[in-house]
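The structure appears right after this line, and notes come after that.
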Amino acid sequence: MNFDTIIVGAGAAGCVLATRLTEDPDRSVLLIEAGPDYPDLTSLPEDVRLGYLTPSGMIARGHDWGYVGRAGDETEPIARGKLVGGSSAVNAQIYLWGLPYDFDRWAEAGNEGWSWDDVEPWFRKVETDLDFVDGHGQAGPILVRRYLSEDWLDLQKAFYEACLDAGYEDCPDLNRPYATGVGPYPMNNPDGIRISAAVGYLNPVRGRSNLTILPDALVERIVVNNSQACGVEIVRGRDSSTVESDDVVIACGAIGSPLLLQRSGIGDATTLMSFGVDPVTDLPGVGQNLRDHPAVPMYWQATDTGPAHAHWHQVGLRYSSEGSEDRDDMIVYVAHIRDEPKLLMRPTVNLAKNAGRVGISSSNVDAHPHIDYGLFSHPLDRQRMREAIRLCHRISRHDAFSEHIDGLLQPDPSDLDDDSALDAHILRLATTGHHVSGTCKMGPPSDPLAVVDEYGRVYGVENLRVTDASTMPDCVRANIHATVLMMAERFASTWSSPSFSPPG
Ligand SMILES: Cc1cc2nc3c(=O)[nH]c(=O)nc-3n(C[C@H](O)[C@H](O)[C@H](O)COP(=O)(O)OP(=O)(O)OC[C@H]3O[C@@H](n4cnc5c(N)ncnc54)[C@H](O)[C@@H]3O)c2cc1C
């Protein structure tokens, strides 16, 4: 078998790439995915199809990689989707654009073509916003809506009211550039259906004769000859095979992509040799710079149980921490836990200082990787979280909550005024924001941690690209799905000629 392009990983980025690259009928594309494929809405398992059934934090049954990683002081399960659609098929569907400041920082760091002005039209290309026309896309594959205020759950209404009274701006559209304050989340789940990248992008183009989709196939290694990628080694059940191609693009996500590169001999040479992998090229940044949005859950006793058939997240608060140089570096999620008498607030640092790492523990594809998020290892991240926990506590004491909640269950209220007790709590309860990114960082050749250039091309290996959340230089100040789709669109547009132009 021989293809023009092999895409490894049919997640958020992989589905976009497969769709765009096969628009050229002369290019043959093989899309390989380790998990199963459900080709249409009717064949999708219910918990994948209905967005509210796999809320953030819940591991998707039968469609997860089973990773475990160190978050703060403790380890926790790390959710990652393993099916066509990837994590976009199991995620919580909060659909926020990255903020303008994020991309201007990327461009300042030497990534030409990635400033806000460059990327903004591409966010519009990805979406069809069902609520707002001005400044939004109206013809993209991902449908976006917001819960109407009359449909907000009581605890969401209470949160909104309390935030307004605390002085935060009313924000009807959190995807308006520079928007801040409290308002309904844009969500890619009209009528409760999760519009994953598989549903929005891939399903409508499956019939193209130049596209082959290979599910349930694990790519063990990239084949590299004379510093040129020329195919992949696949394991499918008990069978192993090699498929050749002119170029290979890795879209395995911010955990899977660095692991595949390392197994293929691309990474820090000394570390690779210690695991018995022959280095192909020495790229110390592979698996480093693991970025995320560190969070700490807070719980209150609620007077009622949360409803089974409503989405957890409806309203959110975006704000800047006290004295922060970085605007809108914080976000708070709020949820009435389904079928339990509990209110959750989940303050989250949206521009964390800490970085973690991911790496292989053996050359064996089945070995569990080392994953260390290092959440809250930086004092400024702990300071911002202490402030956020106290803010959420103040918000919860607003009159609007009085008939709905009884008392704070976690953290222990006696820890609230004690910085060191609160720090210990933060490190113990630290949890991933599910936005792992940055582990194959995009950057100029002068950046010692850069793995790919501004077009996603891997340094030191010809015909090999990475295109997914791992290539973000830093995690954007927003849930990252929309940014991953936007980036994949842009990378795809540079396939034939490496230069950026506005979307067609
Ligand atoms: C529980 C959860 C909730 C989330 N909630 C939100 C949210 O509300 N809003 C938001 O914006 N973002 C959210 N995210 C994050 C978002 O979904 C991801 O950041 C995004 O999907 C990343 O896209 P990707 O293409 O980088 O990787 P993925 O979408 O994870 O795709 C990677 C694909 O590669 C496949 N793969 C990996 N290794 C191999 C291999 N060796 N061989 C073959 N295939 C392989 C995987 O199975 C997977 O299908 C959430 C994520 C999770 C897990």
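When a ligand or atom number is given, it counts from 1 through the structure's own listing order.
Comment: E489 engages R20 in a salt bridge, judged by a side-chain N to carboxylate O separation of less than 4.0 angstrom. Under 4.0 Å is where a charged nitrogen must lie from a carboxylate oxygen, and between R70 and D372 at least one such pair does. A salt bridge links D447 to K441: at least one charged side-chain nitrogen sits closer than 4.0 Å to a carboxylate oxygen. Taking a cutoff of 4.0 Å between a charged side-chain nitrogen and a carboxylate oxygen, D328 and R318 do not qualify as a salt bridge. Between R291 and D474, at least one side-chain N (NZ, or NE/NH1/NH2) sits under 4.0 Å from a carboxylate O, which counts as a salt bridge. A salt bridge links R384 to D329: at least one charged side-chain nitrogen sits closer than 4.0 Å to a carboxylate oxygen. Taking a cutoff of 4.0 Å between a charged side-chain nitrogen and a carboxylate oxygen, R146 and D129 qualify as a salt bridge.
For ligand 1, the atoms lying closer than 4.0 Å to a non-hydrogen atom of G81 are 46 (C), 47 (O), 48 (C), 49 (O). Atoms of ligand 1 lying under 4.0 Å from any heavy atom of L218, numbered from 1 in the order shown and given with element: 40 (C), 41 (N), 42 (N). Residue K82 has at least one heavy-atom neighbour below 4.0 Å for each of these atoms of ligand 1: 47 (O). Of all the atoms in ligand 1, the ones that sit under 4.0 Å from a non-hydrogen atom of R263 are 41 (N). Ligand 1 places these atoms under 4.0 Å from at least one heavy atom of A251: 32 (C), 33 (C), 34 (O). Close approach of ligand 1 to R80 is summarised as follows: ligand atoms under 4.0 Å from at least one heavy atom of the residue are 51 (C), 53 (C). Atoms of ligand 1 lying under 4.0 Å from any heavy atom of H435, numbered from 1 in the order shown and given with element: 6 (C), 12 (N), 13 (C), 14 (N), 15 (C). Listed by atom number, the atoms of ligand 1 under 4.0 Å from A92 heavy atoms are 3 (C), 4 (C), 5 (N), 6 (C), 7 (C), 8 (O).
Using a non-hydrogen distance threshold of 4.0 Å, W65 registers as a contact of ligand 1. Under a 4.0 Å heavy-atom criterion, L83 is in contact with ligand 1. Using a 4.0 Å heavy-atom cutoff, M487 is absent from the residues neighbouring ligand 1. At least one heavy atom of A217 sits closer than 4.0 Å to an atom of ligand 1.
Note on ring orientation: taking the six-membered ring where Trp is involved, the planes of Y38 and H63 are perpendicular (angle over 60°, cut-offs 30° and 60°).
Considering backbone and side-chain atoms alike, Q93 places an N or O below 3.5 Å from some N or O of ligand 1. For S88, a nitrogen or oxygen atom sits less than 3.5 Å from a nitrogen or oxygen atom of ligand 1, counting backbone and side chain alike. For ligand 1, the polar-atom distance check finds no N/O of A79 at less than 3.5 Å from any of the ligand's N/O atoms. Residue V484 has no nitrogen or oxygen atom sitting less than 3.5 Å from a nitrogen or oxygen atom of ligand 1, judged on distance alone. Backbone and side-chain nitrogen or oxygen atoms of L260 are examined, and none is located within less than 3.5 angstrom of a nitrogen or oxygen of ligand 1. Considering backbone and side-chain N/O of A13, one or more are found under 3.5 Å from N/O of ligand 1.
When the options A254, S257, S437, G253 are ranked by their closest heavy atom to atom 27 (O) of ligand 1, first place goes to G253. Looking at V219, D468, L485 and measuring to atom 42 (N) of ligand 1, the nearest heavy atom belongs to V219. Of all the listed residues (V90, I250, I94), I94 holds the heavy atom that lies closest to atom 9 (N) of ligand 1. When H481, M187, E220 are ranked by how near their heavy atoms come to atom 11 (O) of ligand 1, first place goes to H481. Proximity annotation for atom 26 (O) of ligand 1: of P186, A469, G86, G35, A469 comes nearest, heavy atoms only. For atom 48 (C) of ligand 1, the nearest non-hydrogen atom from the set H313, H293, E33 belongs to E33.
No hydrogens or angles considered: nothing links the side chains of S28 and N210 as a donor-acceptor pair under 3.5 Å.
With rounding to the nearest 0.5 Å, the separation of NZ in K125 from CZ in R490 is 12.0 Å.
Residue R346 forms a side chain to side chain contact (heavy atoms under 4.5 Å, CB included) with just one option from T431, V332, I331, V334, and that option is T431.
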Please assess E120 against R124 for the test salt bridge (Lys or Arg N to Asp or Glu O under 4.0 Å), listing each intermediate value before the final yes or no. CA-CA 7 Å; E120 193 262 354; R124 281 188 268 128; 2.6 Å; yes

D173 and H136: CA distance, side-chain angles, deciding distance, side chain to side chain donor-acceptor pair (under 3.5 Å) verdict: CA-CA 11 Å; D173 179 14; H136 280 285; 2.7 Å; yes

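In this structure, T439 contributes its side chain and S437 its backbone to no donor-acceptor pair below 3.5 Å.
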